[in-house]
Trainee: 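Structure in structure tokens, see below.
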Protein chains: 2
Amino acid sequence: MQSRTPASRTGRPRSAAADTAILAATREALVELGWSKLTLGDVATRAGVAKTTLYRRWAGKNELVVDAVAELFDELELPDRGSLAADIEGVVLQFAAILARPEARSGLMAVVAEATRDDALRERIRASIVDRQMRLVLEGRARAQRRGELPPEPDPGEAARTVDLIFDVVAGAVVHRTLVSGKPADEAWVRSFTRVLLLGLASQSAEGA
Amino acid sequence: MQSRTPASRTGRPRSAAADTAILAATREALVELGWSKLTLGDVATRAGVAKTTLYRRWAGKNELVVDAVAELFDELELPDRGSLAADIEGVVLQFAAILARPEARSGLMAVVAEATRDDALRERIRASIVDRQMRLVLEGRARAQRRGELPPEPDPGEAARTVDLIFDVVAGAVVHRTLVSGKPADEAWVRSFTRVLLLGLASQSAEGA
DNA sequence: GGCATTACGCTACGGGTCGTAGCGAAAGCT
DNA sequence: AGCTTTCGCTACGACCCGTAGCGTAATGCC
């Protein structure tokens, strides 16, 4: 959310229903029109609000779509499936399911592209979308260490680099498979991918120590 | 290129200089303005051609930028560095160097985002950008098999799936590292990544047979 | 209740870009 | 020469942008 409730106590409060209606209308427009043909006037009409109301809450198309897409990732969880491999497969399948939805496909890559020239937008994406994914990696790693499937890493710097690497490999591979190669990240693919990743990490910690 | 020389023999030929000027102007505008603020009228002015000339050769912004960005990937090669690990590290560093350029960063993700709703554009990207990268994977794999670093794969279907997986992992990880995480894919990162990938593939072929 | 304050819906506007049509001139080929 | 295609240029309607202005609605504070 744009989250602006710092010290405003008096006056008419902002309609929370308008927020949800606007974000839902944004996703609807993303599905029907895609990023490039999406206009803020159309979104406002779909949401049943005035165009000026939309501009009072979001600075522009970029910020609006980031918030609309971010809500899709709220459902990401890390269920305990008993083993590291199963945990990874589960969360990767969830991630792939989200990326398979057209409102995510058309919106996510577009805002990432815009963020290459807009640091504030990049930070917004990091805070509302990427961080949630990163936490799953950290949580999965900690759980695997408790299980004894991964050795504890004493060096915090090395641990951070490894987590970053895993994150880029996992998220990047799924995104590339889905959006560039245009093939589904189905169960068979996820199994192969998880196998290579885990074997690589295991061999690394075995011989790298 | 847009490649339209099927049967036109008579009449004034199209200026080849205009093509290169337009594509160069497109990359220049991508650096200065980014994808969203790039306008075809501005590109035409930069290139010193009329706007109508530009529209006669490209259907729109998407196709133009794909061609302009595609030329950046022409320099991709697979130099023989003696080992599979060194070959991979070399080509990944080349790929990362291209993605570090601002004209590639702002343009590539944007056209990929557009391609999620445009099959013809997706095919254009595949033919002019992705295929070249895929060939490097195939060539590297064949070279490693000649060296004996990778076992020959008798099943062609399984071999194709493995190559697809490697391709998505490599390209996806580099792209995600560079454009989403916003951190450089420098030599240290590439070395760590290559190590995990190769160990994973080696263990897979060792135990998977 | 009355008042200040903020949000809302609506209309209207200048500015910019789009993509195309139409024209005369230029540059090739036969 | 004559034919054909491209080029540069101008002009145009259409669309979207982002904002200003106004009257109205909904809250908190006195």
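Proteins come first, then strands; the chains are lettered A, B, ... in the order of their sequence lines, and each starts at number 1.
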Trainee: Figure out the OH/P separation between B:Y55 and C:dT20, and round it to whole Å.
Mentor: 7 Å
Trainee: If you only use heavy atoms from C-beta on, which nucleotide in D:dT6, C:dT5, C:dG28 is closest to the side chain of B:R12?
Mentor: D:dT6
Trainee: If you measure from the Lys or Arg side-chain nitrogens to the Asp or Glu carboxylate oxygens, is any gap between A:R126 and A:D119 under 4.0 Å?
Mentor: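 Between A:D119 and A:R126 there is no salt bridge, as every charged N stays at least 4.0 Å from the carboxylate O atoms.
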Trainee: If each of B:P13 and B:K37 is mapped to the nucleotide of DNA chain C with the nearest heavy atom, which maps nearer the 5' terminus, i.e. the 5' end?
Mentor: B:K37
Trainee: What class does the angle between the rings of B:F73 and B:F95 fall in, given that below 30° is parallel, 30 to 60° is tilted and above 60° is perpendicular?
Mentor: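 The arrangement is tilted - the two ring planes meet at 30° to 60°.
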Trainee: Taking atom P of D:dC7 as reference, at what distance in whole Å does atom CD1 of B:I22 sit?
Mentor: 8 Å
Trainee: Any N or O donor-acceptor pair under 3.5 Å from the base of D:dG8 to the side chain of B:R56?
Mentor: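 Present.
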Trainee: D:dG18 base to A:K51 side chain: any donor-acceptor pair below 3.5 Å?
Mentor: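 Looking at the base of D:dG18, it does pair with a donor or acceptor on the side chain of A:K51 (distance under 3.5 Å).
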Trainee: Quick check: on DNA chain D, is the nucleotide nearest B:T53 upstream (toward 5') of the one nearest B:G11, or the reverse? Name the residue that is more 5'.
Mentor: B:G11
Trainee: Rounded to whole angstrom units, what separation is found between the CH2 atom of B:W58 and the P atom of D:dC7?
Mentor: 10 Å
Trainee: Side chain of A:T39 only, please: which of C:dG22, C:dA7, D:dC16 is the nearest?
Mentor: D:dC16
Trainee: Please pick, from D:dC7, C:dA7, C:dG28, the nucleotide with the shortest atom-to-atom distance to any side-chain atom of A:R14.
Mentor: C:dA7
Trainee: Using 4.0 Å as the upper bound for N to carboxylate O, is an ion pair formed by B:R57 and B:D67?
Mentor: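 No, no charged N to carboxylate O under 4.0 Å.
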Trainee: For B:L54 and C:dT20, what is the distance between atoms CG and P respectively, to the nearest whole Å?
Mentor: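 Taking CG of B:L54 and P of C:dT20, I get 12 Å after rounding.
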Trainee: Could you check which of D:dA25, D:dG8, D:dG18 has an atom nearest any side-chain atom of B:V49?
Mentor: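 Per side-chain heavy atoms of B:V49, the pick is D:dG8.
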Trainee: For A:D42, is there an ion pair with A:R46 - N to carboxylate O distance below 4.0 angstrom?
Mentor: yes
Trainee: Rounded off to whole Å, could you give me the CG-to-C1' distance for the B:D42 and C:dC18 pair?
Mentor: 14 Å
Trainee: Which of the following nucleotides, C:dC18, D:dA20, D:dC7, is nearest to the side chain of A:T52?
Mentor: D:dA20
Trainee: Toward the 5' end of DNA chain C, which comes first, A:G48 or B:L38, by nearest nucleotide?
Mentor: A:G48
Trainee: Atom CG of A:L40 to atom C1' of D:dC15: distance rounded to whole Å?
Mentor: 14 Å
Trainee: Under 4.0 Å between a Lys/Arg side-chain N and an Asp/Glu carboxylate O for A:R143 and A:E149?
Mentor: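 Salt bridge: no.
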